[in-house]
Amino acid sequence: MTGTILALAGGVGGAKLARGLADALDPGRLTVAVNTGDDFEHMGLPISPDLDTVMYTLAGRANPDTGWGVAGETWSFMEAVGDLGGETWFRLGDRDLATHVLRRRMLDRGATLSEATDALAGALGVRHRIVPMSDRAVRTVVETDEGTLPFQDYFVRRRCEPRVSTFRFEGIETATPSPGLSAALADPDLEAAVICPSNPYVSVAPIVGIPAVAEFIDAREVPVVAVSPIVGGQAIKGPAAKMMAELGAETSALGIARHYGGRIDGLVIDEVDAALAPDIAALDTAVHVVPTVMRSEEDSRVLARETLTFAARLR
Ligand code: FO1
């Protein structure tokens, strides 16, 4: 393949596959469009969790234990905040803090989120293009049995305990793709779009819910392949399976295939779910069965290459 690839990514799983794709493709051939529905302002700082997780992961600086923030982090700032009676439920490490402070300053000076992301990722040595799904605010709001919660309140402060009825994405109706995402969607050399193994309800839904992205998918002329974030009925990381259960979705690779439906041409599933392949194929979705759990950078590279080969076969 000599064409370009667009990856749609959210949290940890998305970042790992994005890293594998970046290892497999020259910088000019990959655009990673990242969910910003989780973004919020905290202590006066603009937090973009999924952008930062993808950026740190492609820079080789991600904290492997938490799945967010920076490796080798220190917590003097949070300790001092605690001593002064400030909020400590959302933890900002000392190195991670620099990202938020500099993003704050760039945005205050009129930079777009895309421009700020470019500057930060470039400074960290990332050569592949990481773009927000939109430069306009889209905010995930969680309707729960305890009322409406902003996403980070639900996800971090309440640790996903409240029962979810629906996720809403405020601002999505009028959100336009970021310049980098728009360029990727319009690229005549685009060969495939890859939906990374991120939570379909909170990490992928905001991206594919942007009207111009939904239109691209409906009218697509290139294959869209997804990698299932559910393996053996469980999410590898995070609460996707709990969310799916509460939303009444089937927590399996087949449930993922049903969720994406005709919006994807192929689904990559793990070998433990091979028995589901015929049922997924019956949905007119091609299936590729390979190991999908990324425990190492080599795993990410292998899965990326398998996904690209699979997409090329669907062209
Ligand atoms: N997740 C947590 O569970 N606890 C935290 O204290 C926390 C802090 C944090 C700081 C910066 C950042 O970029 C992400 C952070 N996250 C934290 C993860 C974040 O809530 C999730 O990464 C996404 O919103 C869901 O993918």
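Whatever order the structure lists ligands and atoms in, that order sets their numbers, starting from 1. Numbers here are sequence positions counted from 1.
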> What protein heavy atom is closest to atom 21 (C) of ligand 1, reported as residue, atom name and distance in Å?
Replying inline: Phe155 CE2, 3.9 Å
> Quick one: which ligand 1 atoms are inside 4.0 Å of a heavy atom on Phe151?
Replying inline: 24 (O)
> Side chain or backbone of Val12 under 4.0 Å from ligand 1, or both, or neither, by non-hydrogen atoms?
Replying inline: neither
>> Once you restrict to heavy atoms under 4.0 Å, what part of Arg159 touches ligand 1? Side chain, backbone, both or neither.
In response: neither
> Between Arg129 and Thr31, does any side-chain donor sit less than 3.5 Å from a side-chain acceptor?
Replying inline: yes
>> Distance under 4.0 Å to a non-hydrogen atom of Asp38: what atoms of ligand 1 satisfy this?
In response: 23 (C), 24 (O), 25 (C), 26 (O)
>> Hydrogens and angles aside, do Thr176 and Arg136 bring a side-chain donor and acceptor to less than 3.5 Å of each other?
In response: yes
> Do Ser296 and Glu298 have a side chain donor and acceptor closer than 3.5 Å?
Replying inline: no
> Backbone or side chain, does any N or O of Gln152 fall under 3.5 Å from an N or O of ligand 1?
Replying inline: yes
> Quick one: do Arg220 and Asp265 make a salt bridge, cutoff under 4.0 Å?
Replying inline: yes
>> Using heavy-atom distances only, which candidate in Met78, His42, Arg91 approaches atom 8 (C) of ligand 1 most closely?
In response: Arg91
>> I need the contact type for Asp96 against ligand 1. Using non-hydrogen atoms and a strict under-4.0 Å cut-off, is it side chain, backbone, both or neither?
In response: side chain
>> I need the nearest protein heavy-atom contact for atom 26 (O) of ligand 1: residue, atom name and distance, please.
In response: Asp50 OD1, 3.2 Å
> Between Phe151 and Phe167, does the ring centre distance come in under 6.0 Å?
Replying inline: no
>> Would you say Tyr154 and Thr140 are linked by a side-chain donor-acceptor pair, where the criterion is simply a distance under 3.5 Å?
In response: no
> Regarding Gln152 and His42, is there a side-chain donor-to-acceptor distance under 3.5 Å anywhere?
Replying inline: no
>> Can you report which non-hydrogen protein atom sits closest to atom 17 (C) of ligand 1, along with the distance?
In response: Trp68 CE2, 3.4 Å
>> Students should be able to answer this: which protein heavy-atom is nearest to atom 4 (N) of ligand 1, and at what distance?
In response: Val156 CG1, 3.3 Å
> Just distances here: any N/O of Thr53 and N/O of ligand 1 closer than 3.5 Å?
Replying inline: no
>> Within the 3.5 Å criterion, strictly below it, is a donor on Thr4 or Asp187 matched to an acceptor on the partner's side chain?
In response: yes
> Going by the atom numbers of ligand 1, which of them fall below 4.0 Å from some non-hydrogen atom of Trp89?
Replying inline: 6 (O)
> Can a donor-acceptor pair be found between the side chains of Glu143 and Ser165 at a distance below 3.5 Å?
Replying inline: no
>> Quick test: of every protein heavy atom, which one is nearest to atom 13 (O) of ligand 1, and how far off is it to 0.1 Å?
In response: Pro49 CA, 3.3 Å
